[in-house]
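Report on one structure; see the data block that follows.
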Amino acid sequence: MELTIGQYSLVYNMLSFAIASMIFSGVFFVLARDRVAPKYRISLVVSTLVVGIAAYHYLRIFGSWEAAYVLEGGNYLASGKPFNDAYRYVDWLLTVPLLVVELLLVMGLVGAKKEGLITKMVIAAFLMIALGYPGELITDETSVMGMRGLWGFLSTLPFVYIVYTLWNELGVAAAEKEGKTAVLYRNIRLLLLATWGFYPIVYMAPFFGWEGASTQVAIQVGYSIADVLAKAGYGVMIYAIAKSKSEDEGYVIA
Ligand SMILES: *C/C=C(C)/C=C/C=C(C)/C=C/C1=C(C)CCCC1(C)C
């Protein structure tokens, strides 16, 4: 595979942007801790873990990208070292269940009130990523009816279950509240749908007949933007919900 300097640099800069976003959103979650009531702080702790794990994996992806290409005669050529994209799946395996947990925690849907919901969601999130991975390794199938399509379909079952359940729970929660908290619940619902919905579309790229350098670049840029929104942006929204609920409940910042 051959990349132009522009293509190579675009991915390089996006990965660098993702690293900065993950590290400094984490710093923000730590520093903003006292601005929310004690019972919501655990959500901010989980948000910090998510962006911390993502920052680590983005550093590894960045290193792998640098090692995979060499500049020769004005273009970037494959160095022979493969670009390791498996870091993304390892990252998702850890961070996606945690993203679900931070939301359920801030909503207060844990413990006796919603027996088992957190367990079901975490198992489903784990299955969604684990079932998608074998298909992601099959890059030479252009038909939806092949093995890539089959793994993708299996992964979509827990995906639909999670998104449908969270969408409903957030709708119920928004209806119970009013003012800022209700608006925030509705907004995070849209953010969840838009960002999570993006991943299976990228997965389907080979079915649309995309291939070569521009697809590689599009996938890396696309996943990086989606990850920043689904982890750092989502974490900021979780913080806003925690803060709004803290205010509703009369918490005053010391
Ligand atoms: C921070 C990372 C996030 C929020 C990753 C989310 C990933 C998904 C929602 C992936 C879903 C997939 C399918 C529904 C089918 C095809 C395979 C996947 C894993 C790309």
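All ligand and atom numbering here is 1-based and tracks the order in the structure.
- Closest protein heavy atom to atom 9 (C) of ligand 1: Met128 CE, 3.4 Å.
- For ligand 1 and Gly152, the ligand atoms under 4.0 Å from any heavy atom of the residue are 15 (C).
- In this structure, the separation between OG on Ser244 and NZ on Lys180 is 5.0 Å, given to the nearest 0.5 Å.
- Contacts between Leu99 and ligand 1, counted as non-hydrogen atom pairs separated by less than 4.0 Å, involve the side chain only.
- The cationic group of Arg33 does not satisfy the cation-pi geometry with Tyr40, failing either the under 6.0 Å distance to the six-membered ring centre or the 45° limit from the ring axis.
- The contact set between ligand 1 and Ser155, taken as ligand atoms under 4.0 Å from a residue heavy atom, comprises 12 (C), 13 (C), 14 (C), 15 (C), 16 (C), 17 (C), 18 (C), 19 (C).
- Heavy-atom proximity to Lys231, at under 4.0 Å, picks out these atoms of ligand 1: 1 (C), 2 (C), 3 (C).
- Here Tyr76 and Tyr69 keep their ring centres 6.0 angstrom or further from each other.
- One finds the CE atom of Met237 at 12.0 Å from the OG atom of Ser47 (value rounded to the nearest 0.5 Å).
- Note: Tyr12 and Phe62 have tilted aromatic rings, judged against thresholds of 30 and 60 degrees for the angle between ring planes.
- The part of Tyr89 lying near ligand 1 is the side chain, judged by heavy-atom distances below 4.0 Å.
- Those atoms of ligand 1 that come under 4.0 Å of a heavy atom in Asp227, given as number and element, are 1 (C), 2 (C).
- His57 and Tyr87 have tilted rings, their planes meeting at an angle from 30° to 60° on a 0 to 90° scale.
- With a 4.0 Å cut-off on non-hydrogen atoms, Val96 touches ligand 1 through its side chain and not its backbone.
- Without hydrogens or angle criteria, Ser64 side chain to Asn84 main chain gives a donor-acceptor distance under 3.5 Å.
- Applying the 4.0 Å criterion to heavy atoms of Trp92 picks out, from ligand 1, the atoms 2 (C).
- The protein atom (non-hydrogen) at minimum distance from atom 7 (C) of ligand 1 is Tyr199 CG, 3.5 Å.
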